[in-house]
Amino acid sequence: MSVSEIELKGLKKSFGPTEVIRGIDLSVVKGERHAIIGPNGAGKSTLFGLVSGLLKPTSGAIMLKGQDITPLPPHLINRRGLSRSFQVTNIFHRMSVWENVRCGVLWSIGQRYRFWRDVDSSPEANERTERILTDFNLIDRKDVLAGVLTYAEQRALEIAITVAGGADVILLDEPTAGMSRHETDRAVDLIRKVSEGRTLMIVEHDMSVIFGLADRISVLVYGAIIATGTPDQIRNDPKVKEAYLGQEAH
Amino acid sequence: MTGDVVKASMASERGFFPTELFARWGVWVALAALLLVLPLVFKSGTALTMMSLMGIAIVFALSYNMLLGQTGMLSFGHAVYYGLGAYLVVHAINIVTAQRLPIPLPLMPLIGGLSGLFFGILFGWVSTKRSGTAFAMISLGLAELVGSSSLILRGFFGGEEGVTTNRAKLLRVFDWNFGPQIQVYYLIAFWCLLCMYLMYKITRTPLGRMCNATRDNAERVQFVGYNPQVVRFLAFCLSGFFAGIAGGLAAINFEIANSALFSAVQSGNVLLATFIGGAGFFFGPVIGAVLVSYLQVMLSDLTEVWQLYFGLMFIAVVMFAPQGLAGLIMMHATLVKRGTLMKVLPSYLVSFIPALAMTAGLILIIEMLFRISVKEGEALVIRPLGLNMPPTSPVLWGVALVLLIGGGFLFRMTWPMVSNAWGRATSEGAAA
Ligand SMILES: Nc1ncnc2c1ncn2[C@@H]1O[C@H](COP(=O)(O)OP(=O)(O)OP(=O)(O)O)[C@@H](O)[C@H]1O
Ligand SMILES: [Mg+2]
């Protein structure tokens with residue numbers, strides 16, 4: 001059978017007295033595109049925070065490629081091949097677009113904390129940065145400071161940094177939020193392309209994006225997963241209709 | 001926003017120098033030539049002393065900017081590494097002299113660097129676990145700690161008087177004994193150039209880039225595989241190393257190390273110099289260090305309240321040119337590139353005269369108040385103007401108030417001209 005790339009076991013998270021994640025068991029299979037949907041405030045971003053190490057769970061465990069990563073800090077989880085993007089754009093504002101993406105590349109090609117070799121002397125870093133910027137259509141903007149990009153460009157850069165290190169597990173938190181129809185279509189094509197051969201977890205509100213992209217969908221409502229299945233199963237699930245799709249009918 | 005106005009112009013960005021051989025070395029060769037020739041142009045003893053101080057200040061300010069500008073760490077205790085570097089070099093020189101060890105003076109700054117590095121590792125271990133305000137507070141606490149230990153450990157720190165040394169008794173190189181100031185100048189110039197080069201190169205390494213990333217967004221740094229605490233720690237150690245070299249140069253220059261070297265004033269000065277020069281640009285602290293050293297020597301000759309002017313200047317920069325002098329230079333460099341500089345210069349000239357009048361009025365009032373309140377009404381003497389009047393003179397007060405208020409009024413009237421001209425110069429340049 002297929003291998004679990006991410007496995008969540010009895011995951012719970014409380015902020016003070018409020019329990020935001022209320023016991024999640026989920027298994028994301030290697031190579032699948034797994035979407036998380038759910039109403040505002042359901043806990044989707046919190047879930048990503050837990051998996052990526054930004055937040056520590058109150059109880060439960062997180063396995064990545066069969067190993068327990070629950071106690072690890074974010075940078076160690078990243079070095080094990082899990083990379084994430086943020087719902088609120090989280091980039092390096094005073095650095096150029098080029099430097100932003102190269103920052104995403106450096107650790108993965110073994111540059112570590114070197115301070116005795118010029119960063120330009122690594123052809124691998126430059127080639128990868130250039131390829132990613134080309135893929136994301138940002139190559140013409142490479143010398144511009146990230147802080148002055150347009151909103152859509154910043155969203156693209158956010159994803160570019162996330163995939164730059166070549167992680168094989170990628171978490172995208174509402175990558176198309178705030179984009180126009182046209183920009184969304186282009187972003188979805190890109191996401192499909194960069195997640196080829198990797199494991200993807202994606203949070204999205206846009207149903208057309210989800211149903212076109214995802215192999216499986218989990219529905220998160222009020223901190224608990226009420227259903228997991230293929231797009232067709234989810235579309236026809238009465239519980240989901242009631243809890244979620246019903247109120248947000250498109 | 002016009003994106004291309006804010007093109008990556010920071011020195012730490014890619015493409016500051018093209019990679020061809022000349023462009024790569026041209027700046028450094030020119031700088032070396034400049035440092036070599038300066039003492040032939042400015043021959044006086046005062047000039048030589050001043051240029052030596054500037055060299056030391058440049059290394060110190062650049063080392064500080066590895067924290068402030070490059071990594072976004074505000075330290076209030078950077079003089080600790082400078083002062084400790086100086087002390088260890090003074091002791092090292094004394095030991096080498098006493099034991100007749102075959103170590104020449106020009107290598108001594110390295111001992112300062114290693115001491116700075118050692119204490120950077122020690123104190124950095126504690127303080128770089130935190131960032132932001134907590135880091136700033138810890139740096140202040142550590143400075144207090146070292147400052148008070150210096151009064152307790154008298155054997156090492158020599159109490160109030162400090163520890164003296166004689167730089168001229170070491171193994172000679174090229175028959176130089178480094179007694180004369182000119183030889184010390186060249187020693188400082190050599191180390192200054194070397195440190196500038198190294199610190200510039202460090203901004204262009206993987207660590208240098210991750211320092212910038214940590215400054216911009218420490219959270220995101222974690223999600224590209226780096227630990228921001230380690231980035232901060234390494235930046236801190238390296239910055240301690242170069243501060244220690246600066247301290248070692250100071251020890252050689254003054255032939256004494258005392259607790260003034262790591263005082264809060266010293267830590268404050270390096271912050272001011274870096275900020276006035278412009279922390280966002282690699283060469284900013286160089287400008288700041290040169291200017292602040294110059295003013296410290298010149299102003300303190302002219303007036304006893306020079307620190308007050310110094311403070312006013314700092315406030316003016318923070319309020320009106322938050323990018324520092326380097327920021328102003330880069331803004332105008334953009335205009336030069338676009339060929340629209342002539343659009344702003346005439347308005348500067350118009351605005352300059354009232355600004356000058358206003359400043360003169362302010363200075364007069366400050367000096368008169370100072371004489372009335374502190375100097376028991378001692379006369380105000382401005383020799384170039386042949387002025388010698390009591391500070392209570394109504395005429396003088398009248399002139400000062402007219403200059404201040406009239407100048408201020410006219411300045412406000414003419415300022416819109418400057419900003420309009422500026423707007424035209426930037427927008428037309430962008431359209432062209
Ligand atoms: N750091 C925090 N402290 C306290 N409460 C928090 C914190 N972070 C999130 N919450 C709360 O947890 C709940 C879930 O938030 P979360 O951001 O995970 O929702 P979401 O599903 O991502 O929503 P959206 O679709 O709006 O992005 C919300 O009620 C939120 O107010
Ligand atoms: Mg969210």
Side-chain angles (χ1 to χ4, degrees), chain A residues 52-54 73-80 82-86 89-122 125-126 141-150 153 158 161-162 164-165 167 171, chain B residues 1-10 12-19 24 66 69-72 198-235 237-239 241 279-281 323:
Chain A
S52 64
L54 182 64
H75 63 277
L76 293 183
I77 295 176
N78 180 273
R79 289 178 200 170
R80 292 181 179 216
L82 182 146
S83 186
R84 67 162 294 181
S85 76
F86 290 81
T89 305
N90 208 349
I91 56 181
F92 307 115
H93 284 91
R94 286 167 63 199
M95 298 172 81
S96 69
V97 170
W98 173 275
E99 294 298 347
N100 266 267
V101 171
R102 193 161 59 176
C103 282
V105 171
L106 287 176
W107 187 275
S108 68
I109 60 165
Q111 291 290 327
R112 306 174 67 91
Y113 297 102
R114 271 185 202 159
F115 55 86
W116 53 90
R117 282 195 57 194
D118 199 305
V119 67
D120 277 327
S121 69
S122 161
N126 292 339
R141 307 282 272 157
K142 69 183 166 84
D143 292 326
V144 178
L145 292 188
V148 300
L149 290 178
T150 66
E153 286 171 330
E158 171 80 35
I161 297 171
T162 307
L171 274 54
Chain B
M1 259 218 156
T2 44
D4 50 344
V5 177
V6 205
K7 276 248 166 87
S9 57
M10 295 170 69
S12 58
E13 295 297 340
R14 186 171 174 269
F16 186 66
F17 299 120
T19 42
R24 187 162 182 180
M66 292 179 96
Q70 303 290 343
T71 321
L198 290 176
M199 282 187 266
Y200 176 68
K201 290 303 273 184
I202 287 174
T203 65
R204 304 175 53 83
T205 60
L207 178 69
R209 295 303 143 126
M210 293 320 295
C211 283
N212 294 167
T214 305
R215 169 198 69 198
D216 282 9
N217 190 344
E219 182 189 79
R220 186 62 194 251
V221 162
Q222 301 175 277
F223 295 92
V224 293
Y226 282 86
N227 184 349
Q229 283 182 12
V230 174
V231 173
R232 281 196 297 267
F233 174 67
L234 292 173
C237 296
L238 289 171
S239 139
F241 176 74
F281 303 85
Q323 301 261 56

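Naming: A, B, ... by sequence-line order, numbering from 1 per chain.
- Using modelled atom types, one finds a donor on one side chain and an acceptor on the other under 3.5 Å when comparing A:E153 with A:T150.
- Comparing A:A164, A:S52, A:P74, A:S122 by heavy-atom pairs within less than 4.5 Å of chain B, the highest count is held by A:P74.
- Among residues two or more places apart in sequence or in another chain, the side chain to side chain contact (heavy atoms under 4.5 Å, CB included) test is passed with A:A167 by A:S83.
- For A:R112, the part lying under 4.5 angstrom from a heavy atom of chain B is the backbone only.
- Note: B:M66 CE to B:C237 SG = 10.5 Å, rounded to the nearest 0.5 Å.
- Contacts of A:V119 classified as side chain to side chain contact (heavy atoms under 4.5 Å, CB included), with partners at least two apart in sequence or in another chain: A:R102, A:L106, B:P206, B:R209.
- With a threshold of 4.5 angstrom between heavy atoms, A:R84 approaches chain B through its backbone and through its side chain.
- Looking only at atom types and distance, the side chain of B:N227 has no donor-acceptor partner in the side chain of B:Q222 under 3.5 Å away.
- In this structure, the portions of A:I161 lying under 4.5 Å from any heavy atom of chain B include both its backbone and its side chain.
- Contact annotation for B:L238: only side-chain heavy atoms (C-beta onward) come within less than 4.5 Å of a heavy atom of chain A.
- Contact count versus chain A (heavy atoms, under 4.5 Å) is highest, among B:L207, B:I202, B:L234, for B:L207.
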Item to check | Audit row: B:E219, A:N90, side-chain hydrogen bond (donor to acceptor under 3.5 Å, both in side chains) steps and yes/no | outcome: CA-CA 8 Å; B:E219 182 189 79; A:N90 208 349; 2.6 Å; yes

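- Looking at A:I91, only its backbone comes within 4.5 Å of chain B, counting heavy atoms on both sides.
- Of the atoms belonging to A:E158, heavy atoms from both backbone and side chain fall under 4.5 Å from chain B.
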